Amino acid sequence: MEKSKFVGLRLTPDEEGLAEELQGLLGLETKSSVFLYALQQLAVAYDLIPGERGKVYHNDWRKTVNRLAELQEQAQAHARFLEKIKNQSEGMFNDMVEMIKDVDTIVDQHGCDEGRLIQILLDIQRENNWLSKEAVDWVARRLEIPANRIYHIATFYKAFSLEPRGRHSVAICTGTACHVRGSMRLLDRVSQALKIKPGQTSADLKFSLDTVNCLGCCALGPVIQVDDEYYSNPSSQELEEIKEQCE
Amino acid sequence: MLKNAEDLEKLRNELLKDKKKEQTQIAVCSGTGCRANASEKVVAAFRQGLQDLGMEDEVELKNTGCHGFCEQGPIAVILPQDICYLRVKEENVEEILEKTVRDGEVIEELLFEDEGTKEKIIEESKIPFYKNQERILLAENRKLDPKNIDDYIAHGGYRALSKVLQEMTPEEVMDQVDKANLRGRGGGGFPAGKKFRTTAQAPGEPKYVIVNADEGDPGAYMDRSILEGNPHRVLEGLIIGAYAIGSSQGFVYVRQEYPLALENLTIALEQAREKGFLGGNILDSGFNFDVAIHRGAGAFVSGESSALMTAIEGWVGEPRPKYIRTAVSGIHGKPSNLNNVETWANIPLIMDKGVDWFLNIGTENNPGTKILSLVGNVRNTGLVEIAMGTSLRQLIYDIGGGIPGDKKFKAVQTGGPSGGCIPTQYLDEPIDFDNLSRIGSMMGSGGMIVMDEETCMVDVARYFLNFLKEESCGKCTPCREGIKQMLDILDKISQGKGEEGHVELLQELGDFVEEASLCALGTTAPYPVLSTIKYFQDEYEAHIKEKECPAGVCKELIAYVIDEKLCTGCALCRKNCPSDAIAGEPKETHTVIQGKCIKCGICLEVCPPRFAAVKKEKAGKKVLVEEGGN
């Protein structure tokens with residue numbers, strides 16, 4: 001069918017804008033098509049021609065457009081949220097896979113030998129700073145031993161922790177030589193400065209405080225060990241400085 | 001890889017040829033004690049300094065194991081002149097290199113100064129701390145780089161092994177150990193030769209040999225220093241022992257709290273394997289042997305032989321009844337010979353220098369030396385090696401330099417947590433296995449903790465019992481419950497709540513725990529209590545009857561007071577008090593609010609000596625009653 005030309009419309013800037021918005025919304029090629037579409041919808045509304053009523057059916061066009069934009073934004077936010085959750089769970093899943101891979105490597109290094117169990121646990125503790133339930137379960141499965149035997153070891157020896165430990169380990173030597181030189185007073189001061197008791201980890205996972213029975217630098221007593229550094233009986237001010245050095 | 005004994009001698013000669021030129025050596029101690037005093041920075045500064053002065057080729061810089069004089073660390077010794085510099089800091093390095101190493105001048109300030117005569121001593125061997133020792137095991141620490149097997153070989157290392165494998169039968173080796181009367185250095189003093197034979201003759205294959213380096217005694221670190229400073233010596237002893245006993249698998253059980261010892265030992269094992277001292281057909285003798293390291297995970301009781309073996313099997317290290325000795329039925333029920341680090345380290349020396357040489361050191365029933373860690377209230381803290389039979393007085397006064405601050409000697413605690421306290425009247429007793437047991441203590445692993453008059457014996461007993469309560473594995477009731485009950489009573493006594501009859505009750509409980517416990521931890525646990533009651537009963541009585549701590553240690557029994565007449569109101573104590581327990585306006589007399597005081601003693605520390613207004617009141621309970629506090 002031959003088409004005649006549709007001409008002669010003069011639009012105000014407002015009308016021009018509305019037409020453009022509708023064009024985008026309806027996914028039409030030209031602005032003229034918008035008017036054709038509107039004409040068609042009018043005809044349908046007055047039952048002049050048969051057809052389905054359009055989705056956009058509102059007196060206040062601007063309101064409709066805004067509402068639509070709002071919905072679209074919401075939908076996008078939902079999509080972003082879903083994406084994030086997906087990534088997160090993927091991350092957790094990947095972490096778990098990494099952890100299991102690490103545990104596997106350690107178990108294999110020890111020849112998957114249950115006689116090396118304590119050595120395996122020591123390596124995992126050093127790698128992760130603690131023994132997570134997942135790690136314990138996985139070791140039990142690999143060595144084909146009950147998890148109970150691992151918990152027996154993990155609770156018996158001082159080296160193991162079943163909770164995450166702080167990034168910085170602070171240890172006060174309470175060996176005999178340090179004890180007779182006043183290590184308990186040092187412990188009190190450190191405990192006050194870090195606001196945790198021996199055996200505890202601060203809520204921000206920054207510090208763990210412990211007592212140890214001898215660091216073997218008896219000549220320096222009383223001694224405090226922060227990570228790999230030893231300090232001999234620091235004053236309260238020096239303690240603050242040491243604390244600040246820790247990230 | 002050394003194929004046979006000839007190869008070893010060839011290598012040794014080559015190494016010695018290289019060393020022949022009279023080279024200056026700087027030996028810097030890198031034991032844990034000196035490392036804690038930043039010796040690593042000193043080493044780095046020396047390395048840089050030598051480079052800057054272009055002396056790298058003339059001077060050999062050595063990172064050695066522990067020299068022993070930990071109190072004065074970091075230590076640097078310039079050889080061959082034997083000039084010993086103490087408390088060396090990074091900033092001293094340039095001066096040492098320019099003056100001493102290049103120009104041969106001695107720097108006075110870094111030398112040892114005798115407290116009494118104010119005399120400066122240049123040579124290490126003339127410092128009283130070293131002069132009065134008999135260093136056969138520790139002497140080489142300062143000459144060796146523990147990470148380099150060639151150093152050990154150049155100093156005659158593995159010569160004993162090569163001799164044993166070539167010339168001696170296993171039976172002859174055991175004979176020599178028997179004749180040398182080498183007694184177990186881990187504390188019991190059991191004859192090592194007899195133990196060797198028991199394992200060798202026990203039925204069952206394979207047989208195991210084990211080094212016990214689970215040194216858990218607080219205040220003792222001799223085994224660590226040997227492993228850190230001279231790991232090959234221990235390894236050589238272990239290989240010789242394995243040959244004598246007929247074992248092909250060895251274990252070294254090391255505490256994981258000793259990272260440097262672990263590191264050096266791991267390197268030593270690798271190097272020994274490379275050279276062919278471990279593995280198959282060692283030095284063409286047909287003898288096969290290898291060693292695995294097992295790290296301890298922090299449990300005192302795991303150092304007990306049966307517990308240690310259970311841990312090596314991968315189970316929790318709890319002791320088991322030893323109706324059959326571990327020498328007969330140990331790891332996986334097989335004959336297992338366990339000895340302490342120091343015992344193994346003595347073996348190559350006996351094989352190399354001969355039985356007669358060894359018998360000449362020490363006393364008749366206790367030949368050889370013993371390494372002790374001399375710590376506590378003593379001037380020269382450190383690691384000491386003495387001939388058996390040296391008296392406690394020689395140890396504490398000649399070697400240790402006496403008690404700091406001119407305080408009085410009160411007691412020396414020997415034998416670790418399960419040992420006893422030895423009072424002044426026994427100062428002239430010789431140190432050996434039998435004698436220390438006779439006077440109510442024991443050798444143990446060799447910790448010597450010196451206590452001055454300001455040490456409270458009730459507190460000491462309480463400290464050790466608390467340690468043992470924590471470390472008791474809880475398997476047998478007398479140990480688990482008995483120690484706890486004894487500790488509860490001691491707690492009461494130290495809090496001034498002691499009652500008549502408590503001392504007798506402690507003795508009764510102590511006898512019971514000793515009699516009925518399963519392993520050595522339990523059977524010896526009451527010793528610190530029983531020995532302090534034996535020698536210091538008056539202190540217990542003072543706590544119980546007078547509610548007074550004569551040494552002024554037990555917190556609940558003391559009070560800090562400010563003397564009105566002496567206080568000038570400088571406010572130092574008020575500013576430093578962590579619990580706001582001091583009241584008073586500036587320039588006016590201050591007072592301690594007893595109810596708030598946590599007895600930290602900071603006020604006493606900060607009060608300027610020219611005022612000396614803060615005093616520790618030993619009969620603190622009375623002060624509290626008067627004030628109506630608490």
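Because the structure is a prediction, the values reported are computed rather than measured. Proteins get letters first, then strands, A, B, ... in listed order; numbering begins at 1 in each.
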Whether over 12 other heavy atoms sit under 6.0 Å from E90(A) CD
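Counting other residues, nucleotides and ligands, CD of E90(A) exceeds 12 neighbours.
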
For the interface with chain A, which of Y258(B), F300(B), Y463(B), Y221(B) has the highest count of heavy-atom pairs at distances below 4.5 Å?
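Top option by heavy-atom pairs under 4.5 Å: Y463(B).
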
Specify which of A297(B), G33(B), G314(B) makes the most heavy-atom pairs with chain A at under 4.5 Å.
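Highest number of pairs under 4.5 Å: A297(B).
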
Between [Y] and [X], is there a side-chain heavy-atom distance shorter than 4.5 Å?
| X | Y | result |
| --- | --- | --- |
| L372(B) | M222(B) | no |
| Y208(B) | I312(B) | no |
| Q225(A) | C173(A) | no |
| T455(B) | V553(B) | no |
| L262(B) | I293(B) | yes |

Heavy-atom distance under 4.5 Å to chain A: side chain of [X], backbone, both or neither?
| X | value |
| --- | --- |
| V378(B) | backbone |
| F467(B) | side chain |
| E257(B) | neither |
| C34(B) | neither |
| R224(B) | side chain |
| A311(B) | both |
| R379(B) | neither |
| E40(B) | neither |
| F464(B) | side chain |
| L374(B) | neither |
| E471(B) | side chain |
| S302(B) | side chain |

Applying side-chain hydrogen bond (donor to acceptor under 3.5 Å, both in side chains), can you list everything that pairs with D188(A), at least two apart in sequence or on another chain?
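Counting only residues at least two positions away or on another chain, D188(A) forms a side-chain hydrogen bond (donor to acceptor under 3.5 Å, both in side chains) with K555(B).
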
Salt-bridge criterion met for [X] and [Y] (N-O under 4.0 Å):
| X | Y | answer |
| --- | --- | --- |
| R462(B) | D459(B) | yes |
| K407(B) | E454(B) | yes |
| R185(A) | E605(B) | yes |

Is the gap between the ring centers of H294(B) and F251(B) under 6.0 Å?
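No, the ring centres sit 6.0 Å or more apart.
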
Residues from residues 136-161 of chain A approaching chain B under 4.5 Å (heavy atoms)
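Those residues of residues 136-161 of chain A which have a heavy atom under 4.5 Å from chain B are R149(A), H152(A), I153(A), F156(A), Y157(A), K158(A), A159(A), F160(A).
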
Considering only heavy atoms, give the residues of residues 110-127 of chain A separated from chain B by less than 4.5 Å, sorted numerically, with 'none' for an empty result.
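Contacts with chain B: H110(A), E114(A), G115(A), R116(A), L117(A), I118(A), Q119(A), L122(A), D123(A), R126(A).
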
Would E313(B) and T310(B) count as having a side-chain donor-acceptor pair, cut-off 3.5 Å?
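Per modelled atom types, E313(B) and T310(B) side chains form no pair under 3.5 Å.
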
For a quick check under 3.5 Å, do S169(A) and S208(A) share a side-chain donor-acceptor pair by atom type?
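The answer is no; no qualifying pair exists.
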
Test log, rule side chain to side chain contact (heavy atoms under 4.5 Å, CB included), inputs L25(A) and E20(A)
CA-CA 9 Å; L25(A) 207 65; E20(A) 250 170 47; over 6 Å; no

Examine distances only and state if a side-chain atom of E215(B) and a backbone atom of D223(B) form a donor-acceptor pair shorter than 3.5 Å.
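Looks like yes, one N/O pair under 3.5 Å.
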
Kindly state each residue pair satisfying ring-ring contact (aromatic ring centres under 6.0 Å, His included) with at least one member in residues 192-240 of chain A, sequence neighbours excluded.
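Qualifying pairs, neighbours excluded: H168(A)-F207(A).
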
